[in-house]
Amino acid sequence: MSDPVEPPPTGHMRVLITGAAGFLGSHLCDRFMADGHEVVAVDNFITGSPDNLAHLFGRPGFHFIEQDVTNYLYVEGRVDGVLHFASPASPVDYLEMPIPTLKVGSLGTHKTLGLAKAKNARYLLASTSEVYGDPKVHPQPESYWGSVNPVGPRGVYDEAKRFAEAMTMAYHRYHGVDTRIARIFNTYGPRMRPGDGRVISNFIVQALRGDPLSVYGDGSQTRSFCYVADEVEGLYRLFHSAWTDTPMNIGNPREFTVLELAELVRALTGSRSEIRHHPLPTDDPAVRQPDIGLARRELGWEPAVGLEEGLKKTIPYFRAVLEQETGARARVLADG
Ligand code: NAD
Ligand code: UDP
């Protein structure tokens with residue numbers, strides 16, 4: 001088989017990454033910096049933290065702009081790539097911030113596409129498996145149009161991303177912008193916020209604290225979890241590929257029930273936490289699993305890290321964060 005991946009554009013690129021202080025955005029900054037590119041990172045810190053970029057501040061080739069990307073975005077100089085990752089991503093976050101979520105998916109996508117058009121830059125949209133909603137086709141190929149409740153509580157995220165995809169394709173078709181759309185499936189790893197409410201961060205933190213693991217519903221719903229290093233590699237390859245025709249699923253196709261995940265986290269942390277069931281959130285998808293045939297074919301990519309291995313890399317990060325928090329609390333108490 002001939003190599004279908006276009007070689008990375010020759011030489012040095014200057015890319016702008018929105019949502020750069022978040023979980024995925026900060027790992028993407030690392031990936032571009034590691035290859036010697038220049039990064040202009042943009043974030044307003046509504047769910048991200050400067051801590052995620054602390055190691056990059058002051059490094060040659062790294063620039064930071066604190067800004068809400070729903071407002072006009074002025075960037076001086078050349079921009080070769082725009083990667084739009086700004087958006088609350090945890091259901092807890094987007095349910096607490098429905099309007100900022102709708103705005104960053106709509107206005108933020110419009111502004112960043114406008115920037116890409118003005119700078120003649122390549123554009124990558126961070127879309128999501130949530131565009132498939134509660135899927136009636138399983139696993140989900142990119143050709144599936146999805147089953148989303150537009151007026152349910154999750155609709156603020158799902159519809160914002162569906163609008164973002166439509167806007168991206170419109171800029172591609174009508175303005176000739178060189179676009180890519182990644183449909184990202186549940187990704188986990190270091191730099192997730194301990195309190196961000198997603199299932200892996202919740203379970204690990206609960207297990208380490210000895211608190212009950214909060215399983216929503218009976219735990220038979222499924223998700224397919226991708227370790228962050230695999231996800232970022234897939235995104236990086238998609239950005240450099242020639243694939244513009246359709247969105248592309250980037251995720252790990254190995255599917256687990258939430259209950260299986262809870263048991264695995266308990267075993268790997270050595271925790272004796274009990275499992276406690278809570279009501280299932282409205283419109284929580286019953287199943288989710290990516291069909292990654294397209295990514296395999298076009299990018300020569302597939303995830304290499306299984307869930308057990310990925311959790312073993314992630315648990316020490318959460319342990320360290322919790323120890324820091326406990327230390328900080330103890331110092332406050334000691335100071336009186
Ligand atoms: P995250 O919450 O850690 O990061 C999002 C970042 O965007 C934060 O730093 C936040 O402060 C920033 N942001 C939000 N609104 C902004 C605005 N208006 N202006 C500037 N910055 C803003 O989330 P994440 O998990 O890193 O997700 C990143 C992207 O990937 C999101 O677009 C999300 O929808 C998408 N995604 C993530 C996953 C996943 O499993 N992590 C799955 C599907 C899609
Ligand atoms: N979930 C759970 N306990 C938690 C958090 C989430 O059982 O403490 C479930 C949630 O109902 C969903 C799955 O885990 O079925 C994944 O949730 P997450 O918030 O990580 O992301 P989603 O895939 O729903 O966007």
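Every number for a ligand or one of its atoms is a count from 1 in the order of the listing. The model shown is predicted, which means the values in this text are computed figures rather than measured ones.
Side chains of Glu76 and His63: a donor-acceptor N/O pair is absent below 3.5 angstrom, by distance only. In this structure, a donor-acceptor pair under 3.5 Å is present between the side chains of Asp196 and Ser201. A donor-acceptor contact under 3.5 angstrom links the side chains of Gln206 and Ser214, judged on distance only. His55 and Asp30 form a side-chain donor-acceptor contact under 3.5 Å, judged by distance and modelled atom types alone. Side-chain contact, Tyr236 with Asp35: a donor N or O sits under 3.5 Å from an acceptor N or O. Tyr171 and His110 share a donor-acceptor pair across their side chains, judged by distance under 3.5 Å alone. Residues Asn149 and Arg154 have side chains that never bring a donor and an acceptor to within less than 3.5 angstrom of each other. In the model, Glu255 has a side-chain atom that pairs as donor or acceptor with a side-chain atom of Thr222 under 3.5 Å.
Ligand 1 lies out of reach of Val42, whose nearest heavy atom is not under 4.0 Å from it. The shell of residues lying under 4.0 angstrom from ligand 2, judged by heavy atoms, excludes Ala262. In this structure, Ser90 falls outside the shell of residues with a heavy atom less than 4.0 angstrom from ligand 2.
For the salt bridge (charged side-chain N to carboxylate O under 4.0 Å, His left out) test with Arg183, the passing option among Glu142, Glu130, Glu165 is Glu165; the others fail.
Against a heavy-atom cut-off of under 4.0 Å, Gln221 is close to the following atoms of ligand 2: 9 (C), 11 (O), 15 (O). Counting the atoms of ligand 2 from 1 in the order shown, those under 4.0 Å from a heavy atom of Val258 are 7 (O), 13 (C), 14 (O). If you number the atoms of ligand 2 from 1 as listed, the ones under 4.0 Å from a heavy atom of Arg198 come out as 19 (O), 20 (O). Each of the atoms 40 (O) of ligand 1 lies under 4.0 Å from some heavy atom of Asn186. Counting atoms of ligand 2 from 1 in the listed order, those under 4.0 Å from a heavy atom of Arg288 are 22 (P), 23 (O), 25 (O). Ligand-side atoms of ligand 2 in range of Val215: 7 (O), range being under 4.0 angstrom from any heavy atom. Less than 4.0 angstrom separates some heavy atom of Gly48 from each of these atoms of ligand 1: 8 (C), 9 (O), 10 (C), 11 (O). Taking a cut-off of under 4.0 Å to the non-hydrogen atoms of Lys161, the atoms of ligand 1 that pass are 31 (C), 32 (O), 33 (C), 34 (O). The ligand atoms of ligand 2 that sit less than 4.0 angstrom from a heavy atom of Asn202 are 4 (C), 5 (C), 8 (O). In the vicinity of Gln67, heavy-atom distances shorter than 4.0 Å reach the ligand 1 atoms 19 (N), 20 (C). Within the listing of ligand 1, atoms 26 (O), 30 (O), 37 (C), 41 (N) sit less than 4.0 angstrom from a heavy atom of Leu24. Taking every heavy atom of Val104 and a limit of under 4.0 angstrom, the matching atoms of ligand 1 come to 15 (N), 16 (C), 17 (C), 18 (N). Contact atoms of ligand 2 toward Arg154: 22 (P), 24 (O), 25 (O) (distance under 4.0 Å to a heavy atom of the residue).
Of all the listed residues (Asp284, Asp158, Val199), Val199 holds the heavy atom that lies closest to atom 20 (O) of ligand 2. When the heavy atoms of Thr70, Ile17, Asn44, Leu28 are ranked by distance to atom 13 (N) of ligand 1, first place goes to Asn44. Comparing heavy-atom distances from atom 42 (C) of ligand 1 across Leu235, Asp68, Ile184, Asp196 singles out Ile184 as nearest. Considering each of Pro88, Ala20, Ala89, Gly108, the one bringing a non-hydrogen atom nearest atom 27 (O) of ligand 1 is Ala89.
The nearest protein atom to atom 9 (O) of ligand 1, hydrogens excluded, is given as Asp43 OD2, 2.6 Å; this is a heavy-atom distance. In terms of protein heavy atoms, atom 1 (P) of ligand 1 is closest to Thr47 OG1, 3.8 Å. The shortest contact between atom 7 (O) of ligand 2 and any protein heavy atom is with Tyr216 N, 2.8 Å. Protein heavy atom closest to atom 3 (N) of ligand 2, with residue, atom name and distance, is Ser214 O, 2.5 Å. Counting only heavy atoms of the protein, atom 21 (O) of ligand 2 lies nearest to Asn186 ND2, 3.5 Å. Nearest protein heavy-atom contact of atom 36 (N) of ligand 1 is Tyr157 OH, 3.8 Å.
For Val148, the side-chain contact (heavy atoms from CB on, under 4.5 Å) criterion is met by Asp158, Glu159, Arg162, not counting sequence neighbours.
Under a 4.0 Å N-O distance rule, the pair Lys312/Glu308 qualifies as a salt bridge.
Using a 4.5 Å cut-off on side-chain heavy atoms (C-beta onward), Pro135 and Pro285 make contact.
Under 4.0 Å from ligand 2, the heavy atoms of Pro281 that appear belong solely to its side chain. Counting heavy atoms under 4.0 Å from ligand 1, residue Lys103 does not touch it at all. Of the heavy atoms in Ser127, only backbone atoms (N, CA, C, O) come closer than 4.0 Å to ligand 1. The proximity of Phe45 to ligand 1, defined as any non-hydrogen pair under 4.0 Å, is limited to the backbone. With a 4.0 Å heavy-atom cut-off, ligand 1 is reached by the side chain of Arg198 but not by its N, CA, C or O.
With values rounded to the nearest 0.5 angstrom, Ser271 atom OG is found 10.0 Å from Ile315 atom CD1. Interatomic distance, Phe85 CZ to Asp43 CG, rounded to the nearest 0.5 Å: 13.0 Å.
In summary, the aromatic rings of Phe203 and Tyr188 are positioned with their centroids too far apart to meet the 6.0 Å limit.
Both the sub-6.0 Å distance and the 45° axial angle are not jointly satisfied by Arg191 relative to the ring of Phe23. Seen from the ring of Phe256, Arg254 counts as a face-on cation partner, given the 6.0 Å and 45° thresholds.
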